[in-house]
Amino acid sequence: RKDVESSSPVSRPPLTSAQVVEKHRRFLFQNVLNYYKDPLVIERGQGSRVWDVEGREYLDFFGGILTLVVGHSHPRVLEAVAAQVRDLQHSSTLYPNRPIVDLAERLAGIAPGGLSKSYFVASGTEADETAILLAKLATGRQEIVALRHAYSGRGFMAMTLTAHAGWRQGGTHIAGVKHAHNAYCYRCAFGQEPQTCAMACARDLEELILTEPSGQIAPTIVEPIQGVGGFITPPDEYFPILYEITKKYGGLFISDEVQTGFGRTGRHWFGIEHWGVEPDIMTMAKGIANGLPLGACIAKPEIADTWNGLSISTFGGNPVSCAAALATIDVIEEEGLRENAARVGERFMGNLRRIASRFPMIGEVRGKGLMIGLELVSDPHAKTPAKEGTARFMEETKKRGLLVGRGGLYGNVVRIAPPLNVTAADVDRASEILEASFAAVA
């Protein structure tokens, strides 16, 4: 007999944080990452705030890893979910239903350029792997270019596309993937400055194609702003050059919008639109349904129609998730949240740059809209990554009631991504907590 407590969801007795953490340790894989020395056990959320099981309140400025774009428990999303659950909870892609076709039509209306045919899945990993397979089928080629510092998920192909050693455990590498230089200007691989580099990192793609693969590639896949990579934000010239070289050698251009999509970067629906590049294929997940499991791969019709084989997705396009996605898009549109992300994000950036002028450990403030990264260093001249200092800083923000994320190759980038409907007052309060936390660490 297994020593496991059994109780119905209705009658479950309350647990303390320590009890939940102990069950997590006993019954989940040890590689399931938790933040903080004493992991935070969240019980409920509303808007930009969450409460732990002991009732302590926090500003949530990481939102389930950039997922809760309209905040916790938005009434419009909850109403759409409840109504759909009463009508139809699940069907699979074997049967067309109203929510899946309505969402596909809506995505075709907001996606850039000629992107208009969608394939729905349940996660960003699946969306990226679907896009890669589609690019191979459309081009008849096998080799792929991804970017250094990229992160694409946990599947075999997604882990191969990922360019972080810590996220590539198990030797799950698929042949034919090459990694080009990203535009990490703060740590330029070529030792150049953005004003005079002539985008050497982007132009190096041509030599990569001619020397590493066979000279023919299926796609180049990029994150407009690299998420797990540390919110690395390229200059204006970078993606147009990458796009031009990709097209020169017959490849397709995939924009991975899992973290940058749905207004996160301000003004536009999708991040790549800031660079004026029209992708052939685009992927999305996270914010698409404000926390419900859903991902999508959208492509130009002539590319999508090259996939002629059999395919199904049991959970892709689940009607409840699709209903949540439609409500989320409505909220973003009707409440002007893309504009709010740009406006409040600019205010936040100004606050953070002022704070950075006080604390040399902030090596760089970067990002767009409400996707902001702070790279922390122990030596600002040598740009030595402050990995331990970043961990201490996050403990200080938690202590003061603010939740933020962490990323970067060296684990020294603070990732900040509040809901798109966050207020100026909340941003100013978060700025105060960040400043006090830097003072405590410094």
Side-chain angles (χ1 to χ4, degrees), residues 66-71 74-85 87-93 95-124 126-127 130-131 134 224 254-273 278-301 303-305 313 315-341 369 419-421:
L66 293 86
T67 298
L68 294 156
V69 291
V70 299
H74 193 288
R76 286 281 297 279
V77 178
L78 295 185
E79 289 164 9
V81 167
Q84 184 58 51
V85 167
D87 288 342
L88 178 66
Q89 179 186 346
H90 178 70
S91 65
S92 89
T93 55
Y95 309 100
N97 60 70
R98 179 68 184 271
I100 194 172
V101 298
D102 283 352
L103 179 56
E105 182 179 30
R106 197 70 181 275
L107 291 179
I110 67 175
L115 301 172
S116 63
K117 283 200 170 184
S118 292
Y119 189 106
F120 291 103
V121 291
S123 70
E126 293 174 82
T130 298
L134 177 59
I254 302 173
S255 183
D256 175 349
E257 300 279 351
V258 170
Q259 295 198 30
T260 51
F262 297 93
R264 169 60 59 189
T265 57
R267 293 194 177 86
H268 299 292
W269 280 104
F270 298 100
I272 198 65
E273 294 178 272
E278 183 184 321
D280 300 294
I281 305 171
M282 199 163 67
T283 62
M284 59 198 76
K286 293 191 181 291
I288 187 175
N290 202 53
L292 274 74
L294 183 65
C297 172
I298 188 168
K300 295 177 178 178
I303 294 171
D305 291 346
S313 179
F315 296 107
N318 170 274
V320 178
S321 293
C322 288
L326 286 162
T328 299
I329 294 170
D330 284 342
V331 171
I332 294 171
E333 198 162 61
E334 293 169 16
E335 296 184 9
L337 298 190
R338 290 177 291 149
E339 293 75 17
N340 189 66
L420 305 189
N421 48 5

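Counting all heavy atoms, side chain and backbone alike, Pro319 lies closest to Pro99 at O-CB, 3.7 Å. A pairwise comparison of heavy atoms in Asn421 and Leu337 identifies CB-CD2, 3.6 Å as the closest pair. Of all the heavy atoms in Thr260 and Asp256, the pair that sits closest is OG1-O, 3.8 Å. Scanning both residues, Pro224 and Gly271, for their nearest heavy atoms gives CB-C, 3.9 Å. In this structure, Gly317 and Leu294 approach most closely via the heavy-atom pair N-CD1, 3.8 Å. Of all non-hydrogen atoms in Val81 and Ala324, the two that sit nearest each other are CG2-CB, 3.8 Å.
At least one side-chain heavy atom of Ile110 sits under 4.5 Å from a side-chain heavy atom of Phe262. Under the 4.5 Å side-chain criterion, counting only non-hydrogen atoms from C-beta, Leu420 is not in contact with Arg338. Looking at Val331 and Val69, their side chains never come closer than 4.5 Å, going by heavy atoms from C-beta outward. Here the side chains of Tyr119 and Glu126 are not in contact, with every heavy-atom distance at 4.5 Å or above. The shortest side-chain heavy-atom distance between Asn318 and Pro293 does not fall under the 4.5 Å cut-off. Contact check for Leu88 versus Gln84: side-chain heavy atoms found under the 4.5 Å cut-off. A heavy-atom distance below 4.5 Å is not found between the side chains of Glu273 and Glu257. Taking 4.5 Å as the limit, every side-chain heavy atom of Ser255 sits out of range of all side-chain heavy atoms of Phe270.
By the side chain to side chain donor-acceptor pair (under 3.5 Å) test, Asp87 is found to be paired with no residue, residues two or more places apart in sequence or in another chain being considered. Here Ala127 pairs with Val121, Thr283 under the side chain to side chain contact (heavy atoms under 4.5 Å, CB included) rule; sequence neighbours left out.
Other residues, nucleotides and ligands contribute only 12 or fewer heavy atoms inside 6.0 Å of the CD atom of Gln89. Within 6.0 Å of atom CD in Glu339, more than 12 heavy atoms from other residues, nucleotides or ligands are found, so the atom counts as buried in its surroundings. Counted within 6.0 Å of CZ on Arg267, heavy atoms from surrounding residues, nucleotides or ligands total 12 or fewer; the atom is thus considered open.
Rounding to the nearest 0.5 Å places CG of Leu107 at 11.0 Å from SG of Cys297.
Under the side chain to side chain contact (heavy atoms under 4.5 Å, CB included) test applied with Ile254, the options Leu134, Ile272, Ile281, Asp280 reduce to a single match, Ile281.
Glu335 and Arg76 are not joined by a salt bridge, as no carboxylate oxygen comes within less than 4.0 angstrom of a charged side-chain nitrogen.
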